[in-house]
Amino acid sequence: MIVNGIDIDSIVPENELEEEIIEDLKAGRSKEVVTRCPPEPSGYWYIGHVKAWTINFETAKKFGGKTFLRMDDSNPVKEEGEFADSYMADLEWLGFKPYKFVYASEAYFDEIYNIAEKMIKNGDAYVCDLSAEEVSACRGTLTEPGKESPYRNRTPEENLKLFREMREGKYPDGSKTLRAKIDMSHPNINMRDPIMYKIARQSHYRVGNKWCIWPQYDFVHPMEDCLEGTTYSLCDKGFQDHRIVYEWFVEHGWGKKFAPKQREFSRLVIENVLTGKRHLKKLVNEGVVSGWDDPRFPTLVGVRRRGYTAKALKDFVKSVGWGSVIEVTVPYSALEYYVRNDLNQIATRAMVVLDPLKVVITNYNGDDEEILVENNPNCENLGTHTSKFGKIVYIEREDFSLNPPPKYNRLVEGGVVRLKGAYIIKCNKVIFKKNGEIDHLECEYFPETKSGNDTSGMKCKGTIHFVSENNFFEVTIREFKNLIKKEFINPAKSLAEGVNINEMLEPDSLTERKAYAENFLKNAKVEDKFQFIRKGYYCLDKDSTPDNYIFNSTISLKDSYKF
RNA sequence: UGGGGUGUCGCCAAGUGGUAAGGCACACGAUUUUGAUUCGUGCAUCCGUAGGUUCAAAUCCUGCCACCCCAGCCA
């Protein structure tokens with residue numbers, strides 16, 4: 001069976017939803033797969049959003065369907081245009097292309113208002129004069145049924161008149177609501193006559209003062225889905241209890257044979273990561289971080305600046321799967337695996353010495369010579385770049401030891417080591433400063449050991465990276481630790497338990513240092529990704545200037561050597 | 001004491017009556033001019049628990065236990 005060019009029979013379902021979609025398609029219950037990405041434009045996206053968007057976009061794509069990007073902007077007090085604008089860029093970065101971009105407030109509110117009138121006429125909705133407190137008091141509790149509103153049995157005519165007057169602005173904010181007439185004693189609290197419209201005079205970022213009544217989520221969301229032709233409304237399991245309401249509104253508000261289905265996936269939580277607009281905003285305002293795109297933040301703009309890739313994020317969320325519980329918590333290392341995995345494929349290798357130790361090659365004379373460094377050993381067609389070797393080079397201080405621990409296969413007194421891409425050298429003498437520190441090393445090199453055509457037969461255990469005195473420039477390196485101390489695995493929970501956020505913050509989550517980078521890196525552009533050989537992955541930060549290249553440490557390489 | 005969910009290795013997670021996939025993490029080995037990558041090997045006699053049905057159960061039935069979510073005119 002072919003749907004939109006996709007052979008449905010060849011699709012291997014990867015979760016229950018996909019099995020259901022195949023059944024629906026085959027049974028003709030839906031003609032294609034339409035999903036939607038419905039952010040409320042009220043804050044930055046986190047890694048968790050990637051899961052929601054990946055599921056919505058990729059499920060549709062798998063079946064040849066389409067996905068709408070719809071601003072779920074029915075609450076004028078929380079929403080701002082700048083967020084809506086940023087989402088297009090975020091989505092593009094993630095590699096998702098919406099079929100269409102709409103603001104629900106502009107595209108659907110008129111029609112949704114008409115649906116409300118229709119429901120009133122059908123006796124499915126009524127205008128209620130109870131105050132917010134009274135509504136709450138009448139809702140009952142988890143174990144006790146609610147009480148019916150005294151306004152519940154107004155006639156459709158009266159309700160319609162009142163509702164129109166609400167829209168015209170005859171009543172003050174909060175004085176009336178439109179409510180669905182469902183069942184005040186329903187065991188599911190969400191079914192106890194949910195609010196459909198509230199009155200609030202508040203300018204909206206898109207529709208200004210066009211409305212003084214605003215539709216509420218339980219009503220507006222399913223109606224938007226219907227109007228858009230959504231076939232599967234995929235949301236997180238926090239909405240599981242609302243499915244029954246969703247279905248009620250689809251039946252009573254839309255009523256057609258076609259019915260979108262709400263299905264829910266687990267929320268994704270990462271250990272040790274703080275989310276929550278309120279908390280992060282505090283850190284921004286107090287200057288704990290540099291902004292919403294601080295590389296330590298779990299926002300999309302943050303991790304992007306840190307050097308994480310869209311592919312890594314998507315592979316990660318896919319590895320976690322659909323989920324069966326409300327919230328799935330995975331260790332940070334699970335994410336890091338995918339970050340390293342992708343970066344390993346795409347990052348250009350370069351040599352950078354973070355903590356330089358000077359080495360004089362006593363038997364080398366003359367000009368520097370060029371050496372070749374592979375851009376990526378896993379991918380030969382990424383080629384090589386030129387670096388240099390000469391009389392004076394710098395190696396990593398920790399790559400030399402006066403008292404080497406067991407199995408230390410770097411440079412020691414009288415020992416040999418290979419300089420990556422160049423020659424094997426032997427340390428003959430250690431020169432000390434007056435204060436006892438090592439000033440520099442005197443080494444000899446073996447001309448016949450040149451990388452690529454080593455004819456010496458010499459063996460050495462280790463290879464270390466280096467830069468030549470005539471081929472480096474000083475750069476700034478920013479290194480990050482998790483913002484939250486390790487012991488706070490679930491920061492949100494700790495916060496809820498009353499732990500002060502300042503107690504949870506890692507004191508030195510950002511450190512800056514200088515490093516010697518090979519000149520090749522002068523070509524770097526903002527966001528370019530590199531692997532500094534034997535150290536880790538880095539990317540050029542947007543704060544860089546021609547005089548000061550700043551590299552963010554994305555993540556270190558794995559290191560199985562234990563001292 | 002209501003409703004909605006969930007219980008399979010430290011963390012995710014397949015499994016839908018035929019004798020416990022896979023990934024992360026971890027541990028060893030091999031290869032390696034990155035102690036990276038790659039590649040091997042190991043890692044649940046057992047599926048919350050107690051019974052029952054069956055030749056056969058993580059999968060079916062019954063009871064029990066545990067954990068999560070829900071009482072915004074937020075989404």
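Chain naming here is simple, since letters A, B, ... match the order of the sequence lines and numbering starts at 1 in each. Scope of the values below: all heavy atoms of this structure, side chains included, with no hydrogens, waters or symmetry mates.
- B/rG18 sits 43 Å from B/rA36 when the P atoms are compared, rounded to a whole Å.
- When heavy atoms are screened at a 4.0 angstrom cut-off, A/Arg410 is found touching base atoms of the nucleic acid.
- Regarding contacts with the backbone of B/rC24, a side-chain N or O of A/Tyr337 is found under 4.0 angstrom from either OP1 or OP2.
- In this structure, B/rA20 forms no base pair with any nucleotide, since neither Watson-Crick nor G-U wobble geometry is met with both distances under 3.5 Å.
- Between B/rA36 and A/Ser560, a contact under 4.0 Å exists linking OP1 or OP2 to a side-chain N or O.
- A 3.5 Å limit on both hydrogen-bonding distances identifies B/rA66 as the Watson-Crick or G-U partner of B/rU6.
- Using a 4.0 Å heavy-atom criterion, one finds that A/Ile555 contacts no nucleic acid atom at all.
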Practice problem: Starting from the C-alpha separation in whole Å, work towards a yes-or-no answer on side-chain contact (heavy atoms from CB on, under 4.5 Å) for A/Tyr108 and A/Arg70. | Solution: CA-CA 10 Å; A/Tyr108 306 126; A/Arg70 173 175 87 216; 3.7 Å; yes
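- Below the 3.5 angstrom threshold, one finds a donor paired with an acceptor across the side chain of A/Arg349 and the base of B/rU34.
- If you look at A/Tyr246 and A/His242, their ring centroids are not closer than 6.0 Å.
- With a 3.5 Å ceiling on both atom-pair distances, B/rU54 lacks any Watson-Crick or G-U wobble partner.
- With ring centers used as reference points, A/Tyr197 lies under 6.0 Å from A/Phe163.
- The side chain of A/Thr143 places no N or O atom within less than 4.0 Å of a non-bridging phosphate oxygen (OP1 or OP2) of B/rG3.
- In the set B/rA25, B/rC74, B/rG35, the nucleotide with an atom closest to the side chain of A/Lys198 is B/rC74.
- Here A/Phe83 and A/Tyr44 bring their ring centres to under 6.0 angstrom of each other.
- Taking atom P in both B/rC65 and B/rG29, one finds a spacing of 49 Å when rounded to whole Å.
- In this structure, A/Lys237 does not reach the B/rG4 phosphate: none of its side-chain N or O atoms is under 4.0 Å from OP1 or OP2.
- Rounded to a whole angstrom, the distance from the C1' atom of B/rU54 to that of B/rG48 is 23 Å.
- Listed candidates were B/rU37, B/rG72, B/rU34. Nearest to the side chain of A/Ser136 is B/rG72.
- The shortest distance between the side-chain N/O atoms of A/Arg139 and the OP1/OP2 oxygens of B/rG72 is below 4.0 Å.
- The environment of NZ in A/Lys450 is crowded: more than 12 heavy-atom neighbours from other residues, nucleotides or ligands sit within 6.0 Å.
- For B/rG72, the base adopts the syn conformation, since its glycosidic angle falls within 90 degrees of zero.
- Separating the P atom of B/rG15 from that of B/rA75 is a span of 36 Å, rounded to the nearest Å.
- Residue order along RNA chain B, read from the 5' end via each residue's closest nucleotide, puts A/Pro406 first among A/Glu40 and A/Pro406.
- Between A/Arg534 and B/rG35, a side-chain N or O to OP1/OP2 separation shorter than 4.0 Å is present.
- Remark: aromatic rings of A/Tyr423 and A/Tyr364 are distant, center separation not under 6.0 Å.
- Of the side-chain N and O atoms in A/Ser324, none sit less than 4.0 angstrom from OP1 or OP2 of B/rG5.
- In this structure, A/Phe219 has its ring center closer than 6.0 angstrom to the ring center of A/Phe249.
- Counting non-hydrogen atoms under 4.0 angstrom, A/Pro377 reaches a base of the nucleic acid.
- Nearest to the side-chain atoms of A/Tyr338 among the listed nucleotides B/rG23, B/rU37, B/rU6 stands B/rG23.
- Between the side chain of A/Arg243 and the base of B/rG4, no donor-acceptor pair of N or O atoms lies under 3.5 Å.
- Between A/Leu142 and A/His242, it is A/Leu142 whose nearest contact on RNA chain B lies nearer the 5' terminus.
- Distance A/Arg263 CZ to B/rG4 C1': 14 Å, rounded to the nearest Å.
- Phosphate proximity of B/rC70 to A/Gln240: absent, as no side-chain N or O sits under 4.0 Å from OP1 or OP2.
- OP1 or OP2 of B/rU37 has not a single side-chain nitrogen or oxygen of A/Gln345 nearer than 4.0 Å.
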